[in-house]
Every structure is written in structure tokens, then in C-alpha cells.
Amino acid sequence: MKREGGVDREIRVALDPDRLMSLGITAAEVSRQLRATNLDVSGGRGEVGTQEQSIRTLAGAASVDDLAETRIVLSNGRYVRLKDLGTVTDGAAEQRVFARLDGRPVVAFGVYRAKGFSDVVVYDRTEAEVKKLLAAHPDVSITMIDTTVRYTKADYESAMHTLIEGAILAVIVVFLFLRDWRATLITTLAIPLSILPTFWVMDALGFSLNAVSLLAITLVTGILVDDAIVEIENIVRHMRQGKSPYRAAIEAADEIGLAVVATTLTIAAVFVPVSFMGGIAGQYFKQFGITVAVAVLFSLAVARLITPLMAAYFLRDHGHRETGDGFIMRHYVRLLGWSVRHRFVTIAMGFGVFAGTIFLSTLLPSGFLPTNDISRSMLSIEMPPGTTIAETQAVSDRITADLLKQPEVASVYATAGTGGQGGMAMMASEVRKATIVVNLKPRHERSVDQKTFETRLHDDLAALPDMRFTWSPNGQAAQRGFSMILSGNDGEAVEQAALKLEKEVRDHVPTLANVVSSAALDRPEIRIVPKLDQAAQLGVSVDTIAETVRIATIGDIAANLAKFSAKDRQIDIRVQMDERARAKLATFDALKVPTSKPGVSVPLSSVADVSFGKGPTSLDRYDRARRVAVEADLVGETPLGAAIEAVRALPAAKNLPQGVALMESGDAEIMGEVFSGFALAIAAGVMLVLAVLVLLFQDVLQPITILVALPLSVGGAFIALLLTGNSISLPVVIGFLMLMGIVTKNAILLVDFAIESIAKGMDRTTALIESGRKRAQPIVMTTIAMAAGMLPSALALGEGGSFRAPMAIAVIGGLIASTVLSLVFVPAVFSVMDDFSHFQGRLFGRFVGKRDEHPGHDQDALGPDAHGPDAEGGQKRLPFPRAAE
């Protein structure tokens, strides 16, 4: 817990500087004597009589009046009472922090969860305890100011609604295609039977329902019915050939088994590497990949074990039914035949599509996170160095009053001063800095979104004199939306380069607003420069001078303060000069400084020069080099990547002084790390997919045919992003990762059927056309079901929808494009790879010996035409490669 606002109870000893000087004693000496005399100490043991006694030395004052009577020994051996040196009061510490709610002073306290515990659980328990406090103290008012749990709960509810809505849409798609409520019901059961065990595994692994794991669950909504759709569609197709449900379930499950296993394992292979990324990305997405992989593996188990079982006993035999090709199928088969016969032209067109994809990628800007509306804005303000806490409070109150006039504002909480960070606000480290948390009304009660609201207030805030301000991105982190740093060993060169870059950014980059440089501002200071020769002669050290001035003005550090024992606590006793004495420079000149001779002190002016001056507030470093940041706010929906490119194109960024470097910082730095981490994860996933396909198909070349579908999907995602005005951001990269896993499904279904058909003696061209005819419906069904499952996310409904929407849009666009293109291009590539495989076999077959055949696997077992010529004069392929004989 942490308190914000209010003041601490403190016993204050305000010394009269004139009395101190006249008696020749310093505030530091008074503080030391109080600490040495006003205390209770235990120690020692007595054995008087027949018992053993512990010994305590009791010298602590029983009351403030007793403390005021404490005798302070002077240098000449006399003593004076503490109350004769100044006033002793039981009051409050000097105010260095304030907290105000809607312009009224409040004492706020923040509650934070411990590591490994749930925000929601802590919130609920805290709420229960607050109700108990209110019941016990009816005269006290406790008001909820701000909480991040509200967004957490809303995001969870939105994710659950998206999951349910997506599942319902996917089920509707299945029913529209199969027109059989029993088959639809069997498919529907795959969702709960996959999701519920996934929750159990997440709990066993120590995962929680957070933004990342909820994103994973939302992402796999359509995939969970994918395997079941393929299974049930194949079973229904076999039943329409006149087979009983039992026989159809057995034969259809056996026929489609390899393809279903391959599609699921490829998805798992793509996502698992994400959980093992390094750096910041790995910490965020540790639970993401494993959650997706576990969910799809459970869906595989359901599809292979439960779906055929239920189909065998639950489906009803409707008799033999001939279903001819419809209008769309006839045209597709005609197109497919043309693409296989003109395969090189088709492949050339595929390369053209890929080139267009590369071109489209240049039209899309890149960003880190999409703008999200969480009904919470955070405004950070900074006043000039030397500003008092009263002036900061006055400006804060003025801003609060203006904010409360806005119809979208529910409450305004402002805090400033020293303190830590976290929770309700990021407390500023100086009295000249303040943080204002603006709680907005729920989104459905506002006519504008959060970003528009912040942009609308920009001019009013900019009109306030002597103030810097910034809206924190997404209302959560106290950092700027854009930040780049210049660093080097020459501090002056770094500052000059930063100021020049700041000016050019402000003048020539309209997509960035409120541009500032973090170059250290000079603050007013009172400089005490020791006269080293005189100080040495008098035996006065620099440390003694500094300690004398510090204790006289603000008191000693907390660990060295004397303590007053109250009934329920120990209270600090702070000894310092009266605060009004700090307003006169002459007071510092006259401060007594003890010398090396006992009882002798001299004025500060005799051993040091006291004057006014200016000095930097802070010096920042990056990798031990001087660092200055150029920071700004992104205007509107400007992507971060576009802003970085615009800044790097400026002359000041291109012509930096020798030894000065320009680097990304903040979100820009994290964006680069996350994108590079995902690029490595995608590359590793593709290699794992290739390995899985090689193991399953026992072939090297045809898995490459399957991977051809990958680049065909990205173009559709780019087109969807362009049409909707989205940039390439983190959720879009996650969508690309999903596409890498699910678009291979189409190619696997086509390639698997073609290989099986060729193995049974069908010529290659007929096998490819039949694979398109037989597999087109399950491919289209699963694609539309997955797209329907992602549709609620694409519509950005509910809290957190702005994050999931670009991802869903990219996935839907990629799915549609890959489905249409894969059905045409993959068969053409298959035929080319098949010829290349035969050529490779003829070229290297002479170096490979004969394979030993097991009994029962002779020529007759393989079929009379297993090695006969096909329609195109080539050699028929076995289901798996064999050595040349």
C-alpha cells in the first residue's frame, strides 16, 4: 500500500537563528544531543534477590512539554532548555506532496498486488475491507478514485463475449454448409471440449487469464472447429455415397487422418517458438504460444477421437445421394484444369502476386500499439525549475477546473511531489511536476473517443504559460508516444544536437506535437563554495559545512532523527531553523560552523562564499554516455514507425556531430525488439512446420509445395489493412503468425488427397482436379468458419477491441486471399515439384541401392499400375518415395 497526499505527523523543533548564533550552537549539535538523550534503551541484566531482571534505561520524554524542557549543553559548559532555542510543536511535516480530487484536497491510498497474485482478487478483497472500514467509521468518506481493474474486467468480459459470438458464427457457417443439425451439433462440441481442458492446462502451468492469454483464446476460436469440420464434412460425403454412418465414420476418419494431424501440428509448430522468445517480447508472450498450441492439440484429440465416434452413432443415414457440381464448382474445376495444364504461367502469376505483396508492404506504415480507448487519460505537467509546490498546485487546480467542464469527464485526480510510482498514478519526483488522471465516462456515453478528447484539449493546455505537458499513450504509462535519444561523450555537443533536432521536428514534422527536449534545465540554486585555505586553518571540513547547512534548513535524514514515543508509534523529531529564516541569504552567512577546537564555532561566511547561481536539474546517461531525449506526442492515428522515418529524414538527424548517435527509445525501442523477436519466432516456426511436414509426408519436396501458400496469404492481409486504414503493429504481427499456421491447412488438404489418389493409380492431372473438387468444400467451410470466428474481434466491440481489431482484420484478409489463391496455385506447384522429384530420382537413383521389401509389400500389394506410365508420360509416384530400382 502507498499513501498519496496528506502529511506525516512530526514533532517539529523550529530553532531561532538569532538565539543559535548568540549562544554559539548549531542546529546539527541540537539534533545530535536530542538523539543521544531522548531515548529508551534496553541492555544489561541484574540478579537482585532470587530473581533475574533485565535492565532498561528510560530517558524518553513522556510528553511534548517534557521534550521542550530538555536541557541542551552549550560549548561553555552551561545549558539551555530546548524551548529557549525555538518552538517545539506536535504537528505535521513540511508539505512536499499534494493529492486533489476534482479540485478538493484528499488523502489517497493505493493498493497494489503482490507478485503472482491477481489484480481482480486483490481489488475484490480490498473493496470488502473498505466496506468494513466505512461501517466502523461512518464519519469518514472513502471514494474510489481510480482503478486499472475496471479495464481488466471489461477486457475479460469483452474477450469472453467475442469468444462466444465467434463460436456461434462458426457453428452457423457449419450448419449452412452441411444442412444437418446432428452434424452441426457434433462439430459444435469441439469448442467446449477443447477450451475447458485448455483452461485446466493453463492452471497447471501457472498461467492466468490476462490480456495475452485471452488474446490467444480469442485467436483460436475459429480454429477449434477446424479439425472437426474437416472430419465431419468427409464423413457426410462418404455417407452420401451410400455408406452407413458407422462405415463412413471409420473410412472417412482413416482417409483424412494424416491431413488433420498435419494441419494441427503445423499450427502448434508455428506458435510454440513465440513462448521462448527472449527480451521484452518473450516476457510478454510467454503464455501466448503455449496456450494456442495446447488449445489446437486438444481440438485435434477431439476431432480424431470424439468426432468420428459421435458421427458413427449419432448421425442418421439419409441414403445414397448424388450431388453434382454446382455453378461455382464447375467454373472452379475448369479454372483448376487450366492452371494445371498451364502450370508455368500459373506459377509466374503467383510470383506476380508475391511481387504485388512486397509493393503493398511499402504502402503500410508501421506502429507499435494501436490507439486504445480505456476511458482513462493521464496528463503529466512540468513547471520551470524553482517552482514551489503552491504554484504547481495552482496550475493543477486550473487545469482540473477546465477538465471538469468537459462533458466526457467523470472525475479528475491530481497529485504532485515526491514519491514512488505505480497504481493510480505515476507520482512525480519533484514539486514542480504533477500527474493528472482523467477518468472518462464509459465509451457508450461519450460522443468522441479518448484520443480525440486529448487532441481537442491540446491548444488550451498549450496556452498556459511556463508549462510542459504530455498525454501518456493509452492512458497508462507515464512516457511519451514518441521518443528518440541522442547520446555521446561530449555533453555540450549532445545538447546542441538535441536542441537543433527539436527545432526541426517542431517546424517540419506535423505528425508530432508538443515537441520537447529533455536537455537539463538550469534551476536556481544557492551556491556555497568553501574557502579551502581558511577552512583548513580553522579545522573545518567540507562535510561539516554541508551537514551544518542541511540540518539547519531541512533537518537530518530520517535514520538520524530523534524519536518521540507516542502511544501507538514512534514519531520523528525534526530539528531545523524556522522556515521563515530560509527566505534571507544573510541567514546562511551567519550560520555557525563548528571548528576542530572544542566549543569554538565560526560564521559560515568566514569559511565559504555564499551566492546565487544556476545548475542543471539532472544529468541523464545511456550506456555511460550523456543522453538527451527528443520527445513528442503522436498526432491522431499517426503510426510510430512513420514518425520515426520522418525524424530520421531531417537534416539535423542525418548530419549529427562527430561522436553523437541517434537511437530509438521508449516505445520505438521496444517496437524494434518485439518485431525482431517475432521475425525470429516466425522463421523458427516455418522451419518447424517444414520439419513436421517432412516427417508426416516422408518427402522433402512436397512440403515445399505446401509452404508456397504462405506468401500468398500476406497480400490479402495487406489489402485488408489498407482498406481499413490500419498500420502494421504488434497485433498485426500476431495475426501474421496465425496466418503462417492456418493457411498451410488448405495446401495440406489438397496435397494429401492428390498423393493418396496417385498412390491408388489415378493419373496426376485427374488426381489434382479431384483433390480440388473433393477438398474445396471443407477448405471453404473452415476458412469461412475461422473468418466468422474472428469477425467480432474485427468489429472492435467492447473494451480492448482496438487492440484485437487490426489482428482480426489481417487474419480475415489473409484467409480469404490464401484460400482463393491456394486452390489454384498449389496444384500447379505440386505438378512442377512432382516432375522435379522424378528428375531427381533419375539423376541420383543410380547411387542408391535397392530397398528391402517386407513380406506382403510386393508389387501386387501396391496395385498393378503403381509403376505404370501416367497420362502425361511420366512415372507414377508411390505414396512415399522409394529408392530407384
Side-chain angles (χ1 to χ4, degrees), residues 166 170 215-216 218-224 226 262-274 285 288-289 292-293 295-296 350 353-354 356-358 360-361 364 366 675 678-690 692-693 703 705-724 726-750 779-780 782-791 793-794 804-823 825-826:
L215 178 67
T218 305
L219 202 59
V220 298
T221 303
I223 301 178
L224 296 181
D226 186 6
T263 56
T264 302
L265 291 184
T266 53
I267 294 176
V270 167
F271 278 94
V272 167
V274 177
F285 292 96
F288 180 77
V292 173
V296 297
V353 171
F354 180 70
T357 299
I358 301 299
L360 285 176
S361 65
L364 285 170
S366 61
F675 281 12
F678 265 98
L680 291 175
I682 290 175
V686 171
M687 292 298 102
L688 283 176
V689 168
L690 181 61
V692 167
L693 294 176
T705 303
I706 295 171
L707 295 181
V708 168
L710 298 183
L712 300 179
S713 66
V714 180
F718 287 157
I719 292 174
L721 293 173
L722 278 172
L723 292 176
T724 56
N726 286 288
S727 60
I728 300 177
S729 57
L730 177 58
V732 172
V733 174
I734 297 173
F736 287 161
L737 187 69
M738 172 60 79
L739 285 175
M740 295 300 102
I742 60 181
V743 299
T744 57
K745 167 190 66 68
N746 302 340
I748 289 173
L749 292 175
L750 291 170
I779 287 174
V780 173
T782 53
T783 297
I784 296 178
M786 281 187 282
M790 300 297 292
L791 185 60
S793 296
R804 292 188 291 266
M807 174 194 68
I809 290 170
V811 171
I812 293 174
L815 275 175
I816 295 173
S818 67
T819 299
V820 174
L821 297 176
S822 296
L823 287 171
F825 286 107
V826 169

Mind checking the [atom1]-[atom2] spacing from [X] to [Y]? Nearest 0.5 Å is all I need.
X      : Y      : atom1 : atom2 : value
Ile779 : Ile748 : CD1   : CD1   : 10.5 Å
Phe825 : Leu750 : CZ    : CG    : 13.5 Å
Ile816 : Thr783 : CD1   : OG1   : 9.0 Å

- Who are the ring pair (Phe, Tyr, Trp, His ring centres under 6.0 Å) partners of Phe288, not counting sequence neighbours? Phe271, Phe285
- Query: Who passes side chain to side chain donor-acceptor pair (under 3.5 Å) against Ser729, sequence neighbours left out?
  - Reply: none
- Message: Under the rule for side chain to side chain donor-acceptor pair (under 3.5 Å), what residues qualify as partners of Ser822, not counting sequence neighbours?
- Response: none
Closest heavy-atom contact between [X] and [Y]?
X      : Y      : answer
Thr357 : Gly715 : OG1-CA, 3.4 Å
Val826 : Ala747 : CG2-CB, 4.0 Å
Pro703 : Leu693 : CB-CB, 3.6 Å
Ala293 : Val272 : CB-CG2, 3.7 Å
Ala808 : Ala794 : CB-N, 3.4 Å
Thr263 : Thr266 : O-OG1, 2.6 Å

Do the side chains of [Y] and [X] get nearer than 4.5 Å, heavy atoms only?
X      : Y      : value
Pro273 : Leu688 : yes
Thr819 : Ile784 : no
Leu360 : Val714 : no

- Message: With side-chain contact (heavy atoms from CB on, under 4.5 Å) as the test, pick out the partner of Val270 among Val296, Val689, Val292.
- Response: Val689
